[in-house]
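Notes follow the structure.
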Amino acid sequence: MNPLVKKIDTVFIQVDNLENSLNWYEKIFNLEIDFREDYYLALKVGETPLTLIETENVTTNKLDHAILYFYSKNIEDIFDIIKKNTEHYTEIKFEDGVSFFEFKDNSGNPLGICSY
């Protein structure tokens with residue numbers, strides 16, 4: 001079977017303050033800016049950019065699960081960083097060979113980290 005799509009091109013995350021969110025994502029993940037415009041910017045995350053887009057009405061209150069998971073080889077190190085920089089996180093869980101936890105960014109977006 002030949003799929004019609006080859007990869008995810010970009011992931012958009014709504015934020016309420018672009019500068020504050022940029023600082024938060026840089027502090028947590030140490031990501032570089034790929035490109036930037038007035039109300040959005042893209043951060044380099046492997047092949048798929050993570051685009052932060054500033055909006056007046058961030059719509060995270062209807063979400064009860066992570067909108068995306070980041071992969072990390074060392075989940076304990078990133079867990080320690082998350083604990084120091086956000087109040088909303090779960091403990092690390094292990095299921096079916098995968099370690100993972102969920103947290104919220106500074107705009108309330110539900111995210112996760114996994115390791116396997």
Side-chain angles (χ1 to χ4, degrees):
M1 184 165 143
N2 188 11
L4 294 176
V5 296
K6 301 287 185 191
K7 66 177 184 172
I8 294 174
D9 181 68
T10 190
V11 174
F12 288 88
I13 294 184
Q14 298 175 359
V15 299
D16 54 10
N17 183 298
L18 191 59
E19 284 304 314
N20 288 346
S21 293
L22 172 60
N23 292 335
W24 192 88
Y25 277 84
E26 286 177 327
K27 183 189 323 182
I28 300 295
F29 299 112
N30 196 29
L31 299 174
E32 296 179 27
I33 296 174
D34 190 25
F35 63 88
R36 183 179 188 144
E37 294 293 332
D38 292 337
Y39 63 96
Y40 69 95
L41 58 85
L43 300 169
K44 294 179 184 179
V45 184
E47 290 184 22
T48 305
L50 177 65
T51 301
L52 306 179
I53 185 163
E54 189 172 78
T55 182
E56 290 181 20
N57 298 310
V58 177
T59 57
T60 62
N61 59 344
K62 296 179 183 176
L63 300 173
D64 59 355
H65 56 81
I67 56 176
L68 69 91
Y69 269 70
F70 295 95
Y71 172 80
S72 176
K73 288 185 177 182
N74 192 335
I75 197 167
E76 290 83 11
D77 285 351
I78 191 73
F79 182 72
D80 289 340
I81 293 169
I82 294 292
K83 284 191 335 185
K84 293 175 186 171
N85 291 283
T86 188
E87 296 175 13
H88 306 284
Y89 60 89
T90 66
E91 294 299 320
I92 297 174
K93 299 173 187 170
F94 186 78
E95 291 179 15
D96 299 324
V98 179
S99 297
F100 64 95
F101 69 95
E102 294 185 351
F103 61 98
K104 292 186 178 180
D105 72 5
N106 65 328
S107 290
N109 290 296
L111 305 170
I113 302 283
C114 68
S115 184
Y116 45 88

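In this structure, Ile113 and Ser72 approach most closely via the heavy-atom pair CG2-CB, 4.0 Å.
Residues Ile33 and Leu22 form a side-chain contact, since some pair of their non-hydrogen atoms from C-beta on lies under 4.5 Å apart. A heavy-atom distance below 4.5 Å is found between the side chains of Phe12 and Thr10. Counting heavy atoms from C-beta outward, Leu50 and Leu68 have side chains that approach closer than 4.5 Å.
Of the possible polar contacts, one joining the Thr48 side chain to the Ile8 backbone as a donor-acceptor pair under 3.5 Å is found. The closest donor-acceptor contact from the side chain of Glu32 to the backbone of Lys44 lies at 3.5 Å or more, if one exists at all.
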N/O donor to acceptor pairs below 3.5 angstrom from side-chain atoms of residues 36-43, sequence neighbours left out:
from	atom 1	to	atom 2	distance (Å)
Arg36	NH1	Glu19	OE2	3.3
Arg36	NH2	Glu19	OE2	2.0

When the side chains of residues 95-102 are checked against the rest of the protein, which donor-acceptor pairs come out under 3.5 Å, sequence neighbours left out?
from	atom 1	to	atom 2	distance (Å)
Glu102	OE2	Tyr69	OH	2.6

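Linking ILVMFWY residues whenever their side-chain heavy atoms come closer than 4.5 Å, directly or via other members, places Leu31 and Ile81 in the same cluster. Hydrophobic clustering of Ile, Leu, Val, Met, Phe, Trp and Tyr side chains at less than 4.5 Å, counting indirect connections, unites Ile92 with Ile28. Taken together through direct or relayed side-chain contacts under 4.5 Å among Ile, Leu, Val, Met, Phe, Trp and Tyr, Ile78 and Ile67 form part of one hydrophobic cluster.
Residues satisfying the side-chain hydrogen bond (donor to acceptor under 3.5 Å, both in side chains) test with Lys93, not counting sequence neighbours, are none. Qualifying side chain to side chain contact (heavy atoms under 4.5 Å, CB included) partners for Asp105, counting only residues two or more places apart in sequence or in other chains: Ile13, Trp24, Tyr25, Ser107, Asn109, Leu111. Not counting sequence neighbours, Asn17 has no partner by the side-chain hydrogen bond (donor to acceptor under 3.5 Å, both in side chains) test.
Pairs passing the salt bridge (charged side-chain N to carboxylate O under 4.0 Å, His left out) check and including a residue from residues 65-86, sequence neighbours excluded, do not occur.
The line from CD1 of Ile82 to CZ of Phe29 is 5.0 Å long, rounded to the nearest 0.5 Å.
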